[in-house]
Amino acid sequence: MTSFAELELRPELQRALDALGYEEPTPIQRETIPPLLSGHDLVGQAATGTGKTAAFALPLLQRIVPGGDAPQALVLVPTRELAIQVAEAIQRYGRELGARVLAIYGGQPIQRQMRALSSGVDVVVATPGRAIDHLTRRTVDFGDLRTVVLDEADEMLDMGFAEDIEAIMQEVPKERQTVLFSATLPARIDGLVRRYLSDPVKVRIHREHSGAETSRVRQVAYLVPRAHKASALGRLLDIEAPTAAVIFCRTREEVDSLGETLGARGYRAEALHGGMTQDQRDRVMGKVRSGATELLVATDVAARGLDIDHLTHVVNFDLPSAPDSYVHRIGRVGRAGREGVAITLVEPRQHRLLKTIEKATKQKISVETLPTVADLRARRLELTRSALQETLRDDDYEQYRVVVDNLTDEYDLVQVALAAVKLAHEATIGGPDDEDIPEVRASAEPPDRPARERPKPGSTTTIFVSLGHAAKVRPQDLVGAIANETSLSGRQIGAIEITHKFSTVEIPKAAEAEVIAALQATLIKGRKARVERYKPPAERPSRPPKEKA
Ligand code: AMP
């Protein structure tokens, strides 16, 4: 098992990782970082959630000399969200190094990016469209690049960025390291690999794994946006009422912060991670073994080799970075013939990794809808009912008869009983956790890509773009331009129709002004377009688009 120390990263990077609470490299990092450090080109098959960003970011930061005149590393990504996210990650890893990182993407005033570029940048993270814009204006110089990363290459091709990538690759030095990451490796990716990578090392996270040892574990996953994970966890813990559970997080920081959150919500929870002394760990494990603590929040490293026999639940607060660690984690329940439950919280973006895990373990993880507030209330009432039933069975309540007798002078017996139940209920059930958690639809078979949202009637508008088949415009060019230049994601874009001379695109009404301004300012298939609200035939003399895209 390789540790970060064995990777021999420069001390500034190691310090940044320590500060972030990363305990050990993820499998994809373990396999990609050494060949990248020794200068190889590399193709990595890895989805979001595997730790792939650090897998390419650490080696590229290892190679740069911060403070140069021109950028030394370029990362191309398909969307602006990813550009921001990746740039933030590289910034975090490169903080101690003083690396200057800039995200350039559409939808942000280009002048601001030009100013930032001219004041000096070491690492550029860009969407292809905006990178071309800057190259055309000569506001960026890719002549000093040492590393080029194509991240989520399959998505970039899907969004119609093939030509943009081609144009950008003409501007980068021949002597360079090229890295390609992609969740899937369809044949089209081979074309990119052949053209731009030289003798690349190929890495994928291993898939083979027998699921035999986990067959007694009920495996459930819930799709929850990051911001709502802690509330979702609370709701699930209340419903499931585990005797003892281990909750896995990826970093020390997350372990500490979730431990505190759960404590504040009234759970008996303890944190366990590699940053604690042996003494502290022993104390925590003592509490877990004696049952004084029901929830143990831990990193993979800290929980390695732990054996807790009364464990009923394993919770993956963060999806593990590879199928193997998933199997290790959930293998802690369902031992000795007992049944266990493994609950995984998945951020909608990490859908793919969940599928990879299912394939590797050859076991179905059932994606379910989070229990509602009503479910939770029903469950709590059920707990109160069974607590009362137990008290009735114990037959040890005679001393309270005087209170009941006294009250029945004024109230009827049912009223008195109801008030007593209310008191008991409120005493046994901790603070309510009734925060609204947005529902992310759970289909039995999660799609690789989120389905397009069905817009509410009247909530969309159609825009006209003065380029069509004659300009070789395809639907993915329009989707790519919009997703690249505006705050909309591809799935918010509705029907697209392309005629010989022009195209129309259905978008949310609220984004009309933004989309029109953005598309006017950018190039589609290398050409400027006139963009305006589409006027149906009744309002304009020209004919409506007939041809289907
Ligand atoms: P990515 O697949 O790059 O989107 O990363 C997924 C998440 O894993 C991010 O939140 C990272 O901060 C986190 N992460 C990446 N590498 C590690 C590591 N070695 N240990 C713990 N967390 C990590």
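Indexing begins at 1, ligand by ligand and atom by atom, following the structure's order.
At the top of the distance list for atom 18 (C) of ligand 1, counting protein heavy atoms only, stands Tyr22 CD2, 3.4 Å. Remark: minimum distance from atom 8 (O) of ligand 1 to any protein heavy atom is reached at Arg250 NH1, 2.5 Å. Counting protein heavy atoms only, atom 15 (C) of ligand 1 is closest to Gln29 NE2, 3.5 Å. Nearest protein heavy-atom contact of atom 3 (O) of ligand 1 is Thr53 OG1, 2.6 Å.
Short contacts between ligand 1 and Phe4, defined as distances under 4.0 Å to a heavy atom of the residue, involve ligand atoms 19 (N). Here is the list of ligand 1 atoms found below 4.0 Å of a heavy atom in Thr251: 21 (C), 22 (N). Remark: ligand 1 atoms within the under-4.0 Å shell around heavy atoms of Thr26 are 16 (N), 17 (C), 18 (C), 19 (N).
The protein does not reach atom 10 (O) of ligand 1 closely, with no heavy atom under 4.0 angstrom from it.
Few gaps surround CD on Gln280; more than 12 heavy atoms of other groups in view lie less than 6.0 Å from it.
For atom 2 (O) of ligand 1, the nearest non-hydrogen atom from the set Ala54, Cys249, Gly49 belongs to Gly49.
For Glu24, every heavy-atom contact with ligand 1 shorter than 4.0 Å involves the backbone, none the side chain.
Note that CD of Gln219 is 9.5 Å distant from OG of Ser366, once rounded to the nearest 0.5 Å. Separating the CG atom in Asp154 from the CE atom in Met156 is a distance of 9.0 Å, to the nearest 0.5 Å. To the nearest 0.5 Å, atoms NE2 (His351) and CG (Leu223) are separated by 4.5 Å. Atom OG1 of residue Thr261 and atom CD of residue Glu254 lie 11.0 Å apart, to the nearest 0.5 angstrom.
Salt-bridge annotation for Arg226 and Asp318: present, with a side-chain N of the basic residue lying under 4.0 Å from a carboxylate O of the acidic one.
Using modelled atom types, one finds no donor on one side chain facing an acceptor on the other under 3.5 Å when comparing Asp300 with Ser325.
For ligand 1, the polar-atom distance check against Thr48 finds no nitrogen or oxygen pair separated by under 3.5 Å. The shortest N or O to N or O distance between Gly51 and ligand 1 is under 3.5 Å.
Using a 30° and 60° split on the angle between ring planes, Phe56 and Phe181 fall in the tilted class, from 30° to 60°.
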